[in-house]
Amino acid sequence: MTKSELIQRLADRNPHLYVRDVERIVNTIFDEITDALTAGDRVELRGFGAFSARQREARVGRNPRTGESVTVNAKQMPFFKCGKELRERLNGK
Amino acid sequence: MTGRTITRADLSDAICHEVGLSRVDAAELVESVLDEVSDALTRGETVKISSFGSFSIREKAERWGRNPKTGEPARIDPRSVLVFRASHILKDRMNGIKTSGDDDLE
């Protein structure tokens with residue numbers, strides 16, 4: 001399922017809303033999560049899962065082609081942990 | 001870093017402001033979005049949200065682990081796990097890199 005298919009499904013379920021509003025709603029949700037992660041905040045959606053930002057230390061890596069050492073800067077990585085309810089649903093419980 | 005935790009209520013608020021729905025309707029829409037994503041995943045589909053990331057299901061085989069308390073071998077049943085793969089746009093934004101380009105989700 002892609003984002004546009006998600007929007008279409010929601011529009012079908014909510015005939016009182018314009019498709020463009022459904023699109024804005026979906027975009028708002030994912031934009032809010034992105035903004036929170038960018039600010040280093042956590043997003044907790046009980047039953048679904050939680051998004052958080054994990055810090056990666058700076059390290060010395062290697063260019064795999066040449067074998068040369070390169071410094072890799074410290075960075076933030078998004079991390080998602082599946083919620084208990086969804087995990088159980090995925091396993092047919 | 002502000003160390004806040006964003007919840008469904010914050011997402012509903014954002015929708016209220018952005019689209020002008022009532023709080024109740026906005027909360028319902030947040031739930032519907034999460035339900036649609038969960039339903040698709042439960043059907044075994046991959047969910048791709050452009051410029052955000054993709055959620056997919058990975059099947060784990062049965063394996064033998066150990067009960068960490070007793071050291072006894074224990075069977076770990078085969079199971080499905082949810083994997084989230086962030087898009088480059090999300091990763092770049094989190095690291096202050098501005099991307100104008102298109103999406104990387106295949």
Side-chain angles (χ1 to χ4, degrees), chain A residues 1-10 13-14 16-18 20-56 73-83 85-87 89-92, chain B residues 1-8 10-15 17-21 25-26 28-55 57 77-87 89-91 93-97 105:
Chain A
M1 183 166 77
T2 61
K3 187 161 82 178
S4 43
E5 286 164 357
L6 170 63
I7 291 164
Q8 195 50 58
R9 278 179 170 274
L10 290 161
R13 262 173 68 167
N14 296 277
H16 57 291
L17 294 175
Y18 291 112
R20 64 162 189 276
D21 282 340
V22 176
E23 193 173 350
R24 280 168 70 198
I25 289 163
V26 170
N27 285 332
T28 301
I29 291 175
F30 292 106
D31 287 349
E32 284 292 310
I33 299 173
T34 302
D35 290 348
L37 290 171
T38 305
D41 292 340
R42 230 175 99 78
V43 181
E44 194 176 298
L45 304 168
R46 282 284 158 86
F48 182 77
F51 297 90
S52 57
R54 293 207 164 169
Q55 315 301 318
R56 289 271 177 279
N73 293 332
K75 61 183 172 188
Q76 296 202 82
M77 293 288 284
F79 179 77
F80 176 75
K81 187 172 189 292
C82 184
E85 226 172 273
L86 178 54
R87 193 171 61 231
R89 269 194 65 192
L90 293 173
N91 287 287
Chain B
M1 198 193 309
T2 50
R4 285 212 317 143
T5 298
I6 305 304
T7 62
R8 282 176 169 77
D10 298 294
L11 298 182
S12 306
D13 280 353
I15 292 170
H17 292 137
E18 196 68 32
V19 191
L21 288 183
D25 288 347
E28 225 163 85
L29 259 301
V30 170
E31 219 47 58
S32 303
V33 169
L34 298 179
D35 283 349
E36 288 293 347
V37 173
S38 303
D39 289 352
L41 291 167
T42 307
R43 291 192 299 268
E45 286 178 40
T46 293
V47 178
K48 290 175 187 164
I49 307 295
S50 64
S51 75
F52 184 75
S54 65
F55 298 90
I57 302 300
D77 292 335
R79 65 203 195 285
S80 304
V81 295
L82 173 52
V83 190
F84 172 66
R85 206 168 160 261
S87 94
I89 296 175
L90 173 58
K91 289 186 200 169
R93 281 212 40 202
M94 288 177 69
N95 291 288
I97 302 163
L105 290 178

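Treat the numbers as computed from the prediction; the structure is a model and nothing was measured. Below, read A as the first sequence line, B as the second, and so on, with proteins coming before strands; counting in each chain starts at 1. Just so it is clear, the values below take in all heavy atoms, side chains as well, and ignore hydrogens, waters and symmetry mates.
- When all heavy atoms are compared, the tightest approach of A:Arg13 to B:Glu36 is NH1-OE2, 2.8 Å.
- No more than 12 heavy atoms of other residues, nucleotides or ligands lie within 6.0 Å of NZ in A:Lys75, so this atom counts as exposed by the packing criterion.
- Interatomic distance, A:Asp21 CG to B:Ile15 CD1, rounded to the nearest 0.5 Å: 11.0 Å.
- With respect to chain B, the highest number of heavy-atom pairs below 4.5 Å among A:Glu5, A:Met77, A:Arg87 belongs to A:Met77.
- A:Asp35 places a side-chain heavy atom less than 4.5 Å from the side chain of B:Arg93.
- For the pair B:Val47 and A:Leu6, the minimum side-chain heavy-atom distance is 4.5 Å or more.
- One distance of note links CD1 of A:Ile29 with CZ of B:Phe52; it measures 10.5 Å at 0.5 Å rounding.
- Within the 3.5 Å criterion, the main-chain N or O of B:Glu18 finds a donor-acceptor partner in the side chain of A:Arg24.
- The residue among B:Val30, B:Val37, B:Val81, B:Leu21 with the most heavy atom pairs within less than 4.5 Å of chain A is B:Val37.
- Considering only heavy-atom pairs separated by less than 4.5 Å from chain B, the leading option among A:Val26, A:Leu45, A:Asn27, A:Leu86 is A:Leu45.
- Using a 4.5 Å cut-off between heavy atoms, B:Thr5 touches chain A through backbone and side chain atoms alike.
- Ranked by heavy-atom pairs under 4.5 Å with chain B, the first of A:Lys3, A:Glu44, A:Met1 is A:Met1.
- Considering CZ of A:Arg9 and CG of B:Asp35, their distance stands at 12.0 Å, rounded to 0.5 Å.
- Looking only at side-chain heavy atoms (C-beta outward), B:Asp25 and A:Asn14 stay at 4.5 Å or farther from each other.
- Scanning all heavy atoms of the two residues, the minimum distance from A:Leu10 to B:Ser32 falls at CD2-CB, 3.6 Å.
- The distance from atom OG1 of A:Thr28 to atom CG of B:Leu11, rounded to the nearest 0.5 Å, is 9.5 Å.
- Closest approach of B:Asp39 to A:Arg89, counting heavy atoms only: OD1-NH2, 3.0 Å.
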(message) With side chain to side chain contact (heavy atoms under 4.5 Å, CB included) as the criterion, how do B:Thr42 and A:Leu90 come out once you've worked through the C-alpha distance, each side chain's angles and the decisive distance to 0.1 Å?
(response) CA-CA 5 Å; B:Thr42 307; A:Leu90 293 173; 4.2 Å; yes
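- Contact tally against chain B (heavy-atom pairs below 4.5 Å) for A:Thr2, A:Leu37, A:Ile25: the top residue is A:Ile25.
- If you measure heavy-atom distances from B:Leu34 to chain A, the contacts under 4.5 Å come from both the backbone and the side chain.
- The shortest side-chain heavy-atom distance between B:Leu82 and A:Phe80 falls under the 4.5 Å cut-off.
- Around CZ of A:Arg54, the count of heavy atoms belonging to other residues, nucleotides or ligands within 6.0 Å does not exceed 12.
- In this structure, the side chains of A:Leu17 and B:Val19 stay at 4.5 Å or more apart for every pair of heavy atoms.
- Between B:Ile6 and A:Ile33 the shortest side-chain heavy-atom distance does not fall below 4.5 Å.
- Of all the listed residues (A:Arg42, A:Glu85, A:Lys81), the one sharing the greatest number of non-hydrogen pairs under 4.5 Å with chain B is A:Arg42.
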